[in-house]
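Report on the following structure.
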Amino acid sequence: MWTILGAPPVARQGMFKWATKNASLACENLMIAAEALGLNTCPMEGFDGRRLSKFLGLSSRYHEIVLVIAIGKKSSRHVDQPQWRRPLRATVQVL
């Protein structure tokens, strides 16, 4: 006897959620690969999806832009800002 543990999404909302999660994983791999090649990446939200879709010639019926990734090289004049990290004990409590 076989038991079905999961099923693919059927409704549009479930399909969108599933596709967004999978696209995010693919974007993560793209960014890791670009960094391995010596390129810099930056994921972006807050873009005008309608204008970008129109510019790219995408159909709003079949396509949804969920993330934009800038890929390139930093300027030779770029200076990284100092970073700080909270002490582990101030953030994590081991039970």
Pairing residues for [X] by the side-chain contact (heavy atoms from CB on, under 4.5 Å) criterion, not counting sequence neighbours:
{"X": "Ser24", "answer": "Thr20"}
{"X": "Ala90", "answer": "Arg86, Pro87"}
{"X": "Leu39", "answer": "Ala34, Ile71, Lys73"}
{"X": "Arg85", "answer": "none"}

* Hydrophobic cluster membership, Ile65 vs Leu30, 4.5 Å side-chain cutoff ->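 Each belongs to a different hydrophobic cluster.
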* Spell out, yes or no, whether Trp18 and Val66 are grouped together once hydrophobic residues are joined by side-chain heavy atoms under 4.5 Å, including indirect joins. =>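 Looking at the clustering, Val66 is in a separate group from Trp18.
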* To do: Using the test salt bridge (Lys or Arg N to Asp or Glu O under 4.0 Å), find all partners of Lys74 that sit at least two apart in sequence or belong to another chain.
  =>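 Lys74: salt bridge (Lys or Arg N to Asp or Glu O under 4.0 Å) contacts with Asp80.
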Let me have the donor-acceptor pairs involving side chains of residues 51-62, under 3.5 Å, with sequence neighbours excluded, atom names and distances please.
unit_1, atom_1, unit_2, atom_2, d
Ser53, OG, Gly49, O, 2.9
Ser59, OG, Arg61, N, 3.2

* First locate atom CD of Glu35, then atom CG of Asn40, and finally report the distance between them rounded to the nearest 0.5 Å. =>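 Output value for this atom pair is 5.5 Å.
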* **Nearest-0.5 Å distance that lies between atom CG in Leu67 and atom CE in Met44** =>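 Rounded to the nearest 0.5 Å, the CG-CE separation comes to 8.0 Å.
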* Which residues, ordered by chain and number, are linked to Val79 in its hydrophobic cluster, where ILVMFWY side chains connect at heavy-atom gaps below 4.5 Å, directly or through other members? ->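 Joined to Val79, directly or through intermediates: none.
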